[in-house]
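Reading through the structure tokens given below for one structure.
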Amino acid sequence: MTKKSAGQLPISLAVAAVIRRIPRGKVSTYGAVAEAAGYPRNARHVSKVLNQVPGLPWQRVLGSGGRISLPGEYGFEQRFLLEAEGVRFRGRRVDLAAFEHKFPPPRRPRSSPRR
DNA sequence: AGGGTGACGATCA
DNA sequence: ATGATCGCCACCC
């Protein structure tokens with residue numbers, strides 16, 4: 001064995017997995033996805049993954065503040081798809097307080113609450 | 001090995 | 001609020 005050659009880099013797989021967990025009718029942001037995947041400063045990489053990996057709910061990932069970053073026609077399509085699944089906009093942005101999906105916090109081995 | 005890229009994000013004018 | 005600029009960082013030639 002040696003170390004299995006992972007076809008995809010771990011960061012891309014982690015990011016894709018996180019995106020797949022955003023439920024219908026909810027959204028997240030590039031930064032939040034990167035962080036949830038374990039790569040805090042990699043918001044930019046999230047957009048690349050959205051481009052490479054087909055089948056992801058790409059429309060559910062927004063820029064900070066709930067703004068659509070995707071330019072052009074796809075940007076309109078993104079908004080259209082989101083509204084179709086119940087996500088409402090307030091002007092040009094989605095009200096994150098109401099629609100942002102909260103990813104479960106990372107488990108801390110051995111950290112008992114309390115005290 | 002080196003440099004350009006990007007569906008970002010925070011900050012400043 | 002809107003637009004420009006700068007900082008980040010892993011990916012991909």
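All chains are named by letter (A, B, ...) in the order of the sequence lines, taking the proteins before the strands, and each is independently numbered beginning at 1. Any value given below was found using the heavy atoms of this structure, including those in side chains, with hydrogens, waters and symmetry copies removed.
For A:Ile11, taking side-chain heavy atoms from C-beta onward, the closest of the listed nucleotides B:dC8, C:dA10, B:dA7 is C:dA10. Comparing C:dT2, B:dA7, C:dC11 by their nearest atom to the side chain of A:Tyr30 picks out B:dA7. Closest to the side chain of A:Arg44, from the set B:dG9, B:dG6, C:dA10, is B:dG6. With B:dA7, C:dC12, B:dG9 as the candidates, the nucleotide lying closest to the side chain of A:Asn51 is B:dA7.
Between A:Ser69 and B:dC8 there is a side-chain polar atom (N or O) within less than 4.0 angstrom of OP1 or OP2. Side-chain N/O atoms of A:Ser12 include none lying less than 4.0 angstrom from OP1 or OP2 on C:dA10.
Distance, A:Ile68 CD1 to B:dG9 P: 13 Å, rounded to whole Å. For the pair A:Gln52 CD and C:dA10 P, the computed distance is 15 Å after rounding to whole Å. Computed from coordinates, the A:Leu81 CG to B:dA7 C1' distance equals 14 Å when rounded to whole Å. Atom CD of A:Glu35 is separated from atom C1' of C:dC8 by 14 Å (rounded to the nearest Å). Between the P atom of B:dT5 and the NZ atom of A:Lys48 lies a distance of 10 Å, rounded to the nearest Å. A:His45 places its NE2 atom 11 Å from the C1' atom of C:dC12, with the value rounded to the nearest Å. Residue A:Asn42 contributes atom CG, which lies 8 Å from atom P of C:dC11 at whole-angstrom precision.
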For this session: Kindly determine whether A:Glu35 and A:Arg41 satisfy salt bridge (charged side-chain N to carboxylate O under 4.0 Å, His left out), including the steps that lead there.
Result: CA-CA 7 Å; A:Glu35 188 173 333; A:Arg41 252 89 229 200; over 6 Å; no
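Judged by the 6.0 Å distance and 45° axis criteria, A:Arg79 is positioned over the aromatic ring of A:Phe89.
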Taking only distance into account, with no hydrogens and no angle test, what donor-acceptor pairs under 3.5 Å do side-chain atoms of residues 23-31 of chain A form with protein atoms, sequence neighbours excluded?
| from | atom 1 | to | atom 2 | distance (Å) |
| --- | --- | --- | --- | --- |
| A:Thr29 | OG1 | A:Ala32 | N | 3.1 |

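If you check the side chains of A:Gln59 and A:Glu77, you find no donor sitting under 3.5 Å from an acceptor.
In terms of position along DNA chain C, the nucleotide closest to A:Arg93 lies nearer the 5' end than the nucleotide closest to the other residue of the pair A:Arg41 and A:Arg93.
Heavy atoms of A:Arg67 sit nowhere under 4.0 angstrom from any nucleic acid atom.
A:Arg90 places no side-chain N or O within 3.5 Å of a backbone atom of A:Asp95 that could act as its donor or acceptor partner.
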